[in-house]
Amino acid sequence: MKQKGAFFLTVIIVFGLLIVSGCAADKEIIENASYIGSDACISCHQNIANHYDMTTHAKIFTSLDKYPVNWDQNVTIWASAEGEDLQSTKLNLKNSLGVMLDHYVVSKIEGIPGFHRVAALEKTDTGYELHSIDIKDGNEKEWVAKSYSNCADCHSPGLSTKGVGAKRLKAGLSCETCHGPGSVHAQTKKPETIIANQNACITCHTLGKPEQAKDGNFLIADTHYGVRNWFVSDHYTSGYLNCLSCHTPHSANKQGNMLKQDSFKENCATCHGRKEFNQDEIMWKNPTDLRGHFTRDHSFGKLLYEDLGDNPETKEIEITNPEAIKTIKNSSKGGE
Amino acid sequence: MISLNNLYIQYIGLLIVIATVGTLIIAVAHYIAVGPNAKSLGKLKPEIQRFNFLEISSHFLRMASTIILAITGIAFAVYNTLGLSYQFLLHIHLFFAALFALSSVVSILIWMKDNTFKKYDWEWLKVMGGYLTKKEIHVPAGKFNAGQKLFFWLTTFLSIFLIFSGYLLTYPAQFSVHIVLWASIIHGVSAVTLIAVVIGHAYLGSFANPGTIGTITHGMVAKEWIKLHHPKCGD
């Protein structure tokens with residue numbers, strides 16, 4: 001009889017504790033969850049993985065083994081820490097971390113902090129060709145590296161992500177880069193335990209924020225600034241639309257763009273019917289950006305290029321028009 | 001809570017390896033170092049009915065469902081769906097979970113009385129049933145010896161934990177995140193413990209004690225087997 005009593009008492013205590021502990025805040029639990037890696041996510045969300053490889057997201061940083069290149073090459077690399085002189089070091093390219101956007105080979109260099117672009121890949125008719133980004137003093141065997149540290153946060157977030165289980169993340173974009181650590185979601189299957197809204201997008205897509213110039217009353221828009229102007233747009237301020245109204249995060253259209261429809265016109269037509277828009281006007285590209293680093297403007301006509309008062313001599317946009325500066329600063333997530 | 005859960009996520013793979021490979025290594029080491037108990041009993045003709053049909057069938061269902069649940073459960077724990085879709089694997093897990101729950105309840109009810117501890121069980125425990133020596137030791141035991149009784153109560157508790165936490169995990173939307181996470185930890189740790197003790201149980205009921213395995217197939221054992229292993233059976 002005593003045994004039975006002890007048995008039922010134990011069961012009641014254990015499950016009583018479970019119910020009482022249910023009152024604790026969920027937010028802290030979700031934010032401090034463990035990373036579990038993309039393979040774990042894919043084990044349930046296989047349908048998403050089927051299309052993901054076609055997206056730009058999948059290509060922002062890829063592993064070396066995706067390329068038919070002999071990586072086992074020793075090269076002399078010249079690189080420097082910020083503000084310091086170049087110093088040379090020997091590097092075997094097979095130890096590189098990966099390839100950014102099918103082009104830059106990224107590596108760590110011993111003795112110099114941060115990450116570096118040490119070589120470049122060029123697609124040829126027969127495959128890929130590996131070459132230097134720059135050379136020192138005209139010597140083709142002395143390769144000069146360029147810093148990658150500013151790009152790393154978004155192009156290879158897995159390299160710098162901290163947190164429990166972060167080692168499970170790929171160097172490039174993993175599911176949990178945008179959606180946050182997924183252990184609690186995987187265990188509970190609850191939709192509210194994972195980031196699945198535009199917060200997942202803006203983490204990276206608004207990093208290029210304009211900064212106040214040190215020596216003048218103007219803002220300097222950094223690389224990929226265009227998306228930030230989304231917060232100035234009527235689309236955003238209406239409160240009805242978000243990034244995912246037009247974009248697909250896990251698949252690409254026929255043109256390879258991450259849009260719901262196959263063309264700009266069709267995408268707009270989803271809401272605007274037959275009304276036609278000039279894309280180069282309402283989603284302009286920075287004409288002074290020769291490297292194609294500037295993402296198309298997302299203010300949708302609210303801030304035109306002509307309104308910014310840009311100085312075309314500079315490679316980054318200088319926003320000098322006080323009205324434009326005011327608009328950007330007043331937008332909910334714009335400005336500095 | 002989240003720190004504990006993160007620890008669980010981090011080490012559940014290691015715990016599974018320890019529970020499976022570790023227990024198998026211990027069993028093999030025991031077989032090599034100590035060897036089977038009363039080897040001659042394996043050659044005798046089984047003639048006494050030790051388990052009836054209900055006992056055999058509930059044990060078989062519980063055993064089969066445990067194996068399937070362990071395989072699919074480990075697959076979930078290490079996020080490898082064995083090449084199947086997650087939903088399909090989940091449905092297999094849930095189907096066998098229902099069988100496990102049913103067979104566990106039946107097993108617990110039909111064997112509960114035979115597994116109440118008696119005074120003479122101390123004698124068995126003092127020498128650990130003779131499993132740690134090559135000498136043939138015969139200690140008093142009823143229908144179940146003290147080791148089996150410990151196994152029974154341990155698996156009874158583990159089964160209840162597994163069934164209850166499994167129910168919470170099947171309907172996560174009905175409960176708070178906190179409760180579901182606790183259920184997840186309890187489910188995982190209980191399952192790993194059950195897997196370890198079940199591997200040990202399977203070894204002791206087969207290679208370690210020749211002549212025993214028939215109990216769960218046709219239910220019969222030899223007279224001599226009863227006399228040596230369970231002399232107080234029927235008392």
Side-chain angles (χ1 to χ4, degrees), chain A residues 1-4 6-50 163-168 175 181-194, chain B residues 1-13 75-90 108 112-113 115-117 149 153 156-161 163-165 167-190:
Chain A
M1 198 62 195
K2 270 185 183 175
Q3 274 180 345
K4 271 188 187 173
F7 171 79
F8 287 116
L9 191 66
T10 311
V11 173
I12 289 166
I13 289 172
V14 168
F15 293 110
L17 279 173
L18 273 177
I19 291 161
V20 170
S21 64
C23 304
D26 292 346
K27 196 167 175 266
E28 188 198 338
I29 292 175
I30 296 160
E31 284 174 357
N32 294 300
S34 166
Y35 289 99
I36 53 175
S38 293
D39 288 344
C41 308
I42 291 166
S43 69
C44 289
H45 301 284
Q46 280 154 339
N47 54 332
I48 290 175
N50 292 342
V164 183
K167 283 182 183 171
R168 294 191 179 105
C175 308
S183 67
V184 171
H185 175 68
Q187 285 170 283
T188 64
K189 315 284 184 291
K190 286 173 175 283
E192 67 269 25
T193 55
I194 199 86
Chain B
M1 162 68 208
I2 190 63
S3 306
L4 177 69
N5 190 59
N6 286 345
L7 268 180
Y8 166 74
I9 296 282
Q10 215 172 341
Y11 291 109
I12 187 67
F76 288 134
V78 299
Y79 306 111
N80 181 335
T81 53
L82 309 169
L84 304 166
S85 81
Y86 172 82
Q87 284 300 325
F88 183 65
L89 203 66
L90 180 64
I108 291 165
M112 191 183 267
K113 198 179 165 195
N115 278 288
T116 48
F117 284 97
K149 287 176 183 176
W153 288 109
T156 294
F157 276 98
L158 291 174
S159 300
I160 291 168
F161 287 159
I163 294 163
F164 193 82
S165 57
Y167 172 78
L168 298 178
L169 291 169
T170 309
Y171 302 101
Q174 311 296 321
F175 308 98
S176 77
V177 171
H178 219 89
I179 287 178
V180 181
L181 286 184
W182 269 113
S184 175
I185 295 173
I186 288 172
H187 201 75
V189 173
S190 301

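Throughout, protein chains are lettered first and strands after them, A, B, ... in sequence-line order, and every chain is numbered starting at 1. Just the heavy atoms: all of them, side chains too, but no hydrogens, waters or symmetry mates, feed the values below.
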Does any backbone or side-chain atom of B/Leu89 lie under 4.5 Å from a heavy atom of chain A? Answer side chain, backbone, both or neither. neither
Minimum heavy-atom distance between B/Tyr79 and A/Ala40, given as atom pair plus value: CG-CB, 3.2 Å
Go through the atoms of A/Gln46 and report whether side chain, backbone, both or neither lie under 4.5 Å from a heavy atom of chain B. side chain
Quick check on B/Ser85 against chain A: is it the side chain, the backbone, both or neither that has a heavy atom closer than 4.5 Å? both
Run B/Leu90 and A/Lys189 through side-chain contact (heavy atoms from CB on, under 4.5 Å) and show every step you take. CA-CA 13 Å; B/Leu90 180 64; A/Lys189 315 284 184 291; over 6 Å; no
Atom group of B/Leu169 that falls short of 4.5 Å from chain A, counting heavy atoms: side chain
Using the side chain to side chain contact (heavy atoms under 4.5 Å, CB included) definition, which of the options B/Asn6, B/Val180, B/Val177 pairs with A/Val184? B/Val177
Correct closest heavy-atom pair for A/Ser43 and B/Thr81 would be O-CG2, 3.5 Å
Quick check: are there more than 12 heavy atoms from other residues, nucleotides or ligands sitting under 6.0 Å from OH of B/Tyr167? no
Against chain B, label A/Asp39 side chain, backbone, both or neither, depending on which of its atoms sit under 4.5 Å from a heavy atom there. backbone
Identify the two heavy atoms, one from B/Leu181 and one from A/Ile29, that lie closest to each other, and give their separation to 0.1 Å. CD1-CG2, 3.4 Å
Contact summary for B/Gln10 and A/Arg168, nearest pair of heavy atoms: CA-NH2, 4.0 Å
Residue pair A/Gln187, B/Ile9: steps toward the side-chain contact (heavy atoms from CB on, under 4.5 Å) verdict: CA-CA 10 Å; A/Gln187 285 170 283; B/Ile9 296 282; 3.5 Å; yes
Heavy-atom distance under 4.5 Å to chain B: side chain of A/Thr188, backbone, both or neither? both
Can you tell which part of B/Phe175 gets under 4.5 Å to a heavy atom of chain A, answering side chain, backbone, both or neither? backbone
With a 4.5 angstrom heavy-atom cut-off, which part of B/Tyr8 approaches chain A: side chain, backbone, both or neither? side chain
